[in-house]
4 protein chains.
Amino acid sequence: MCAKIASSRKESLLAAAKVLFGMHGYAETTFKKIAQEAGVALGLLTHYFGTKERLFLAAGLDVLHDLIRTEEAALAQAQTGLEAVRIFAETYFAFATDPDRHFLILIRCSPFSDLKGMAEREVMERDFHKLYLLLEEALAKGVADGSIRPVDPLRTSRVIFCNLVGGVRHHLLTPYATATLLNDLVDFVINGIAAPTP
Amino acid sequence: MCAKIASSRKESLLAAAKVLFGMHGYAETTFKKIAQEAGVALGLLTHYFGTKERLFLAAGLDVLHDLIRTEEAALAQAQTGLEAVRIFAETYFAFATDPDRHFLILIRCSPFSDLKGMAEREVMERDFHKLYLLLEEALAKGVADGSIRPVDPLRTSRVIFCNLVGGVRHHLLTPYATATLLNDLVDFVINGIAAPTP
Amino acid sequence: MCAKIASSRKESLLAAAKVLFGMHGYAETTFKKIAQEAGVALGLLTHYFGTKERLFLAAGLDVLHDLIRTEEAALAQAQTGLEAVRIFAETYFAFATDPDRHFLILIRCSPFSDLKGMAEREVMERDFHKLYLLLEEALAKGVADGSIRPVDPLRTSRVIFCNLVGGVRHHLLTPYATATLLNDLVDFVINGIAAPTP
Amino acid sequence: MCAKIASSRKESLLAAAKVLFGMHGYAETTFKKIAQEAGVALGLLTHYFGTKERLFLAAGLDVLHDLIRTEEAALAQAQTGLEAVRIFAETYFAFATDPDRHFLILIRCSPFSDLKGMAEREVMERDFHKLYLLLEEALAKGVADGSIRPVDPLRTSRVIFCNLVGGVRHHLLTPYATATLLNDLVDFVINGIAAPTP
DNA sequence: CATGAATGAGAGTTCATTCAT
DNA sequence: GATGAATGAACTCTCATTCAT
C-alpha cells in the first residue's frame, strides 16, 4: 500500500502536468499550479522528477509511448499495406482528438514544438522516430503487396507525416479547420499513394 | 533627421525582436537581450511597443505581411489555377527557408503556435486568414479554368495548408525532414488536385 | 547483535558527517549527502542525532575529545614544563594535519569558527577550554621547574594558542603557508618562553 | 545627482552586506535581510552585484583594500624595520577591533575562512597577499638596518601572521582572549625578532 | 526622445524535519 | 529500529514594467 500511495502521488503529478502543460504551455505552467491541480505538496515535484524540464519530458514521453502502443495495436488489424497506412492515419487523428489521451502535451514538447533549448531533446526525438518507422513499414508493405504505388517509403512517410502534423495543429490550435478536415486528409493521402485500379 | 533616428531605433528593436524571438522563443527572450542586440536603451521597448506581447505580435505581423505581399506578387505571374497553387506553395517554402525573412518568429506566434494565452490573437488570426483566401482563390480559379479537378476550394485549401505547415515544421524544427521533402510536398499536392490529362 | 548493527549505523553517520562537514562546511552539507555517504537511511539522522546542528556539534566534539585524549597521553611523557609545551604544540599540529583525525570539522565548529548562531555553543566552548588548561598547567610547571621564564601562565597560554590556531589555519586553508611554518612556529614559541641558559 | 543617488543605493547595499555578512555569516545572511537593512528593493542586489557570492566578495575586498591602504599609510611613519613590524601589527589589531571598519566580513571571506567553494577565491587570495608583502618588506628592512635579528623575511612573515590571525580570531570570536592579549602578542612578536641589545 | 536605475512579485529549487509504515 | 515519501517555508535570482532625470 505504501508503494501504491507513493505511486498515486507521482501519477497525480504526471496527470496534472499533462493537463496543464497541454493547456497553457511550458512557461505558463508553474510548479505551484501543478501541485495544486494534483493536490499534493510542492516539493514532491522535485522529489520525483528533479526539474521542471524533466517533468515536461516525462509527461510528453508518457503520451508518446501511449500513442506508439496504440498505433501498434491498431496496425495489427491491417490486411494490406494501404489499409495499414489508412489505419495509421485514422488512429493518429483519433488519438490526437481524444481529450483523455492528452495529446496536447505532445504538441508542446515533440520535436515539432517551438521549444528549442530543451535538454534531453534527443530522447524525445529517438522515441518519436519509432512512429516514422511504423509508417515506413506500412508503406513498404503496400508497395510489396501491390496495394500502393511504387513510391519511396522513406520520402513518402515524411510527406504523409506532414499531412498528419498539419492536420492536428489545424484542428487543435487554429480556427481554420473545416469540419471534414481530418477525413479529407486521410482521403487525400490514400488517393495520393493508392495503386491505380485497372 | 530627428525622426529618422527615432525610426531607425524602432526598426532596430523590431529586427532584434524577430531574430531573438525566432531563435529562442517568447519566454527565453527578454527585454534586456533585445535592447542589447539592438544596441539601444531598454526603456525604448516599452516606449515604442508597450508590452512584450505587443512587441511579439508586431514582429510576427511584420513577417506575416511581408509573406502576404510576397505571395501576391508571385501569384500575379500565374496563368492557370493549378500553376497558381504551385507558385503559392513554392513561394511559401522559399520564404520560410530564407533566413533573412525571419519566418521563425511567425512559427512562434502564428495561430499554429503553442502560445494560447496571447492577447490580440485575433489580429494575427485575421491577417493569417488572408493567406488562406489567396489559396482558395487559386483553387477556385483552377476549377473554373479546368486545370484542377472539381474540388471544394475551401476544404482543399485547408488540406493543402496542412501540407505546407507540416512541411515547414519538419524542415525547420525536426531532424526528420528528407532532402527532397519540400519538393515532394509540392508534387504531392499538385498531383492530388490536377485535372486528369486525357 | 542488533545493538551492534544500530551502533555501527550511528557510527557510520558520525564518520560521514565528519568528512562532509569538514570538506564542504555546514551549509553545503545536507542530510541527504550524509546519509548517502554513510549508506544508511535518511531518517536515521534525525533518529540518532535530532537536528542538523546537534549532529554537527556531536561530530565536532568527537574530534575535540579525541584531541584532548591525545594531548593528555602525549604530555605524560614530558619531563620539564618547557618540554611539555613543546610536546603540546607538536602534538596539536600532528593531530591537525592527520587526515584520519578529521580536524577540519573542528575548524568549522570550534569557538574559532565563523558560525555564530550555533546553539549549544557553550558545550563546545567548555570542552575546548580543557585544552587551554593543559597548556596553562605545562607553563606553570615550567615556571616552577625553571625551564620556562617567569611568565604569566594564563596570558602566555593564550599567546601560544594564537600561534597554534594561526598555524593550523594557514596550513589547512590558505596558500600562504611555507613548508617549514609549523616547525618555525614551535621554535618561535619555545624561544619566546624558554628560560635563558646561563 | 543621478549618479549620486544610484551610487548611494549601491553603497547602502554594500554597507548592509558588510554588517550582516560579518555578524551572521554567509549562509545566514539573505538577500531579503540585506535589502531590508539597506532600505532598498530586493532586485537591486542582482542589478548591482550579480550574485550573492559576488556581493560577498565585493564586501570583503572593499574592507581588505581599506586595510591595505591603512597599513601603507601607517608604515610610512616607521623609522626602523623593527618599528615597521610593530606598527604593522598594531595597525592590524586596531583595524580589526574598530567596529566601523567591518573587519568581521573579512574574517568570513578571507583565505582563512571556512568557505571553500567560493568562486573567484583567487582574487581575494591575490589581494590578501599584498599584506604579506608589506610585512616581508618591513622584516627585510629591519634585517638590513640591524634592528631585527638576521631572520628569513618570508618564513618570519608567516610566523608573525599566525600571531595576528590567531589573535584576531581569539579576540573577535572566542571567550578565551585575555584583556591584554593583543598587546601581549605584539610584545611576543617583537621580542622574538628584535636584534639583541649589546 | 532617450536613459537605465529601481521595483517587487513570482519563478524553480532546496532541504531539514516529520511520520506512517 | 529502520525507511524514505511527504511537506512547505525559505532561498536566490529573473524580469516586465515604471519613472525620474
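Here is how names work: the chains are called A, B, and so on, in the same order as the sequence lines, proteins then strands, and each is numbered from 1.
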>> On DNA chain F, does the nearest nucleotide to T46(B) precede the nearest nucleotide to A27(B) from the 5' side, or the other way round? Give the residue.
In response: A27(B)
> Does the side chain of R9(C) get closer than 4.0 angstrom to OP1 or OP2 of dA2(F) through an N or O atom?
Replying inline: yes
> Between R169(A) and I107(A), does a side-chain contact (heavy atoms from CB on, under 4.5 Å) hold up when you go through it step by step?
Replying inline: CA-CA 8 Å; R169(A) 292 192 92 96; I107(A) 281 215; 4.0 Å; yes
> Which residue, T51(C) or T30(A), contacts DNA chain E at a nucleotide closer to its 5' end, judged by nearest heavy atom?
Replying inline: T30(A)
> Rounded to the nearest 0.5 Å, how far does CG of L106(A) lie from CG of D66(A)?
Replying inline: 10.0 Å
>> In this structure, how many angstroms lie between the P atom of dC15(F) and the CZ atom of F31(D), rounded?
In response: 15 Å
>> Does a side-chain N or O of H47(B) approach OP1 or OP2 of dC1(E) to a distance below 4.0 Å, or not?
In response: yes
> How close or far is atom C1' of dG12(E) from atom CZ of F56(A), stated in whole angstroms?
Replying inline: 16 Å
>> Please compare V40(D) and T29(C) by the position of their nearest nucleotide in DNA chain E and report the one closer to 5'.
In response: V40(D)
>> Whole angstroms only, please: what is the CG-P distance between L13(B) and dG4(E)?
In response: 13 Å
> In whole angstroms, how far is the P atom of dA16(E) from the CD1 atom of I34(C)?
Replying inline: 8 Å
> Whole Å only: how far is the CG atom of L44(D) from the P atom of dG4(E)?
Replying inline: 16 Å
> If each of A41(C) and L42(A) is mapped to the nucleotide of DNA chain F with the nearest heavy atom, which maps nearer the 5' terminus, i.e. the 5' end?
Replying inline: A41(C)
> Between L14(C) and L55(C), is any pair of side-chain heavy atoms under 4.5 Å apart?
Replying inline: yes
> Nearest 0.5 Å, what's the CG-CG distance between L44(B) and L13(B)?
Replying inline: 6.5 Å
> Using purine N1 to pyrimidine N3 plus N6-O4 or O6-N4 for Watson-Crick, or N1-O2 and O6-N3 for G-U wobble, both under 3.5 Å, which nucleotide pairs with dA16(E)?
Replying inline: dT7(F)
> Within this structure, what is the CD-to-P distance between Q36(C) and dC15(E), rounded to whole angstrom?
Replying inline: 12 Å
> Under 30°, 30 to 60°, or over 60°: which ring-plane class applies to F21(A) and F56(A), parallel, tilted or perpendicular?
Replying inline: perpendicular
> Roughly, in whole Å, what's the span from NZ in K52(D) to C1' in dT12(F)?
Replying inline: 8 Å
>> Counting only Watson-Crick pairs (N1-N3 plus N6-O4 or O6-N4) and G-U wobbles (N1-O2, O6-N3), all under 3.5 Å, who is the partner of dT21(E)?
In response: dA2(F)
> What is the distance, rounded to the nearest whole Å, between atom CG of L45(A) and atom P of dT7(F)?
Replying inline: 11 Å
> Reckon K32(B) has a side-chain N or O less than 4.0 Å from the OP1 or OP2 of dC15(F)?
Replying inline: no
